[in-house]
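The shown structure was predicted, so the numbers you read here are calculated from the model rather than taken from an experiment.
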Amino acid sequence: MIALRNDFPSEFERQINLAFGPGGLLARSRDFEYRPQQQAMAEAVARACQNRSHLIVEAGTGVGKSLAYLVPSIFHALAENRKALVSTHTINLQEQLFHKDIPLVQKLLPAEFKAVLLKGRQNYLCPRRLERAMSHGGELFASREQDEMKRIWEWSHRTQDGTLSDLDPAPDPQVWLQVCSEPHVCTARTCGLDNACFYQRARKEAETAKILVLNHSLFFNFLAGAEAVLEERGYLFHNDFIIFDEAHTLESVAARHLGLEISHGSLRYLLHRLFHPRTQKGIVAALRSGEAMKLVLEAEEESDLFFDRLDRSLEFKRSKELRIREPGLAENTLDLPLARLYRNLADAAREIEDEVFKAEVQEAARRVEAMRVGVGEFLGQSRTDHVYWVERQEKRETRLTLTAAPIEVASQLRQLIFRPDNTAIMTSATLSVGDGLRYFINRVGGEEATTLQVDSPFDYARQMRVFIPKKMPEPAARDAYESALEHWIRHFVAMTHGKAFVLFTSYQTMQRLADTLASFFRSERIACLVQGGALPRHRLLQKFKEDRDSVLFGTDSFWQGVDVPGEALSNVILTRLPFAVPDHPLTQAKCERIIEQGGDAFREFSLPEALLKFRQGVGRLIRTQNDKGIIAILDNRILTKVYGKAFLAVLPKCPVEIVE
């Protein structure tokens, strides 16, 4: 019998407790199952909203955390006239929230409320830009691109939401970038008056919605841009509050957006958008300015020379990233040509009467200037507490990227997110590494937040079994290790006849094992799907779900954010404990910072990061209370090293068998 509580700090918390109780509001749903963990989380969310405080919650798989934050958030938003923002990392969770969970709450609640799914600007068509591009197509596009423009024009008269997801097949990216919504070009003043612009319409709907679903990248884009609300109460809108689901990814997303990245390819792409020397088309062609064309060509020539000289002067050895420890890596020969081009475009924009074209040229000028400033900041290493590196990619041709990232983001997130008199709620199934939530809190600056951990309601002892081969060569002995991998992958795949994820930490190792095992899979009539081939990630996953006897070989992105419930995924094979590559510049810098402060970099960074990723990989297997399956860990350091006990400790409580 469940004891009824009567000690609630507020009436709101009492209402939420009852709503999640056995006979409460949610029990009206056919699929409802009472879970005390969900009820406890919902109460904590209600308390944080009511008190305008911050909350960090680890909620194990199966708790039903989406409803645990949606219901109290919506109750509170309606009662207090606030807006709830829900930010996720993956598209899958966004779609689940918007198309499944929120409609369920809308059916259950007596009051009506509007929810909006907001995508990034470049997902939306801007009709005014499209109209101008159509009328000036001869100046902007080659003939093939003009055909693509006509297809988009025809689609624009049929589409309801005007977003990329509604346009099949996907458009040519170069053409789409000339007609999608962009800051300073597509604004409320220029495009929002007649309600025809899809992005401005979405923004208006967002302003009147009570719940807004977006992703972490978009949140940080808005927060850094002119569209953020710079007020004491609120983040993107006045008096809003934010829930970050999949919060374990927040630190890395924030670092990417708070850092700097300039590539040879992105600079060339910008310059070709202004004027392409082969097609003789672009924004500058529409200006009919010989001087501007000349400056674009000079900037492109110097860009090619700059990056070519840089490439020839650097020694990458076996790594594709090379850390730059001192300023003055190269002479900044890009500064003058980019500055001249910026001034020319800015001056030209002042003389343009067409409002849309004027905004196009102004925005192009801003981007040129941002590139110029970024190159200068990188070469001068003017951003304090950042680590700098050059990344080299070789596909059809060599491409270099200049990157700077903050060594830690906690101080910035402390000011941006964990502000007094605001509410930020962070949640994930994997935030702890055996120390409560201390590691995660320190990484994101959430020291002032209340914390809560609720376990998964799944019966792992019944649903899951772990196998660990006793005699495995260590990964450092590559040939012997990969030979043993081949043997054990065959062994464990045969146990379930496919239905397996095989997760790697090295793309090269994955490719070698896929080649080695190809004949085995053919003989067993098991399809082997390998990440990095012709199929994109979502199509690989779709094929895996459709073919019940398939195996999927994946690296980093398949360790997390992938949901395959049911028999289709009955086996997860972890080929290696997922320690980060120790020579990556950002990893190096984080470890050096810890050592400088007198700490132990392995214990305080490398091990916790590996434990979080390990938990994510293991978590791919059991997604519902009816799932069953096996986990195979093909790295016997979990048995032989002292730190192996930490990995064993974060496994769900289930049978573990050591295989001879």
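Atom-to-atom distance recorded for Leu413:CG and Arg419:CZ is 12.0 Å, nearest 0.5 angstrom. Of the inter-residue distances, the one linking His386 atom NE2 with Thr384 atom OG1 reads 7.5 Å to the nearest 0.5 angstrom. Remark: Thr88 OG1 to Glu246 CD distance equals 5.5 Å, nearest 0.5 Å. Considering NZ of Lys83 and CG of Leu236, their distance stands at 10.0 Å, rounded to 0.5 Å. A distance of 7.0 Å separates CD1 of Ile56 from CG of Leu437, quoted to the nearest 0.5 Å.
Between Phe12 and Phe75, the angle of the ring planes lies from 30° to 60°, which puts this pair in the tilted group. Using cut-offs of 30° and 60° on the angle between ring planes, the pair Trp389 and His584 is perpendicular. Taking the six-membered ring for Trp and thresholds of 30 and 60 degrees, Tyr643 and Phe579 have ring planes more than 60 degrees apart, a perpendicular arrangement. Using bins of under 30°, 30° to 60° and over 60° for the plane-to-plane angle, the ring pair Phe558/Phe501 lands in the perpendicular bin.
Residues Arg438 and Ser432 have side chains that never bring a donor and an acceptor to within less than 3.5 angstrom of each other. A donor and an acceptor atom, one from each side chain of Gln37 and Asp455, are nowhere located under 3.5 Å apart. Between His89 and Gln560, the side chains place no donor N or O within less than 3.5 Å of an acceptor N or O (distance only, hydrogens not considered). A donor atom on one side chain and an acceptor atom on the other are found under 3.5 Å apart for Thr430 and Gln616. Side chain to side chain, Asn215 and Lys119 fail the donor-acceptor criterion of an N or O pair below 3.5 Å. For the residue pair Ser165 / Thr163, a side-chain donor-acceptor distance below 3.5 Å is found, with atom types taken as modelled. Side-chain polar atoms of Gln531 and Ser557 form a donor-acceptor pair below 3.5 angstrom. Side-chain atoms of Ser428 and Glu58 include no donor-acceptor pair closer than 3.5 Å.
The pair Glu251-Lys590 meets the salt-bridge criterion, since a charged nitrogen lies less than 4.0 angstrom from a carboxylate oxygen. Under the 4.0 Å criterion applied to side-chain N and carboxylate O atoms, Glu95 and Lys100 are not assigned as salt-bridge partners. Residues Glu567 and Lys545 are not paired through a salt bridge, judged by the lack of any N-O separation under 4.0 Å between the basic side chain and the carboxylate. Between Glu604 and Arg593 no salt bridge is recorded (no basic side-chain N to carboxylate O distance below 4.0 Å). Between Asp563 and Arg620 there is no salt bridge, since no side-chain nitrogen of the basic residue lies less than 4.0 Å from a carboxylate oxygen of the acidic one. Between Glu205 and Lys114 there is no salt bridge, since no side-chain N of the basic residue sits under 4.0 Å from a carboxylate O of the acidic one. Between Arg14 and Glu11, at least one side-chain nitrogen of the basic residue sits less than 4.0 Å from a carboxylate oxygen of the acidic one, meeting the salt-bridge criterion.
Counting heavy atoms from C-beta on, the side chains of Leu78 and Lys210 come closer than 4.5 Å.
Heavy atoms from other residues, nucleotides or ligands lying under 6.0 Å from CD of Glu657 number more than 12. Heavy-atom neighbours of Glu448 CD from other residues, nucleotides or ligands within 6.0 Å: at or below the threshold of 12. Within 6.0 Å of CD1 on Ile91 lie no more than 12 heavy atoms contributed by other residues, nucleotides or ligands. Under a cut-off of 6.0 angstrom, the local environment of CZ in Arg462 is crowded, with over 12 non-hydrogen atoms contributed by other residues, nucleotides or ligands.
For Trp559 against Thr555, the heavy-atom pair with the smallest separation is CD1-O, 3.2 Å. Across all their heavy atoms, Val656 and Ile468 have their closest contact at CG1-CD1, 3.9 Å.
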message = Working note: His76 + Phe241, criterion ring pair (Phe, Tyr, Trp, His ring centres under 6.0 Å); need CA distance, chi angles, decisive distance, verdict.
response = CA-CA 10 Å; His76 179 72; Phe241 59 101; 5.6 Å; yes
inquiry  = Before you tell me yes or no, could you show the steps for Asp245 and Tyr69 under side-chain hydrogen bond (donor to acceptor under 3.5 Å, both in side chains), namely the whole-Å CA-CA distance, both residues' side-chain angles and the distance that decides it to 0.1 Å?
reply    = CA-CA 9 Å; Asp245 204 338; Tyr69 60 68; 2.7 Å; yes
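Pairs passing the ring-ring contact (aromatic ring centres under 6.0 Å, His included) check and including a residue from residues 410-460, sequence neighbours excluded, read His54-Phe418.
A donor-acceptor pair is defined here as one N or O able to donate and one able to accept, closer than 3.5 Å; no such pair exists between the side chain of Arg35 and the backbone of Ser456. A distance-only check finds a donor-acceptor pair linking the side chain of Tyr235 to the backbone of Ile417 [under 3.5 Å].
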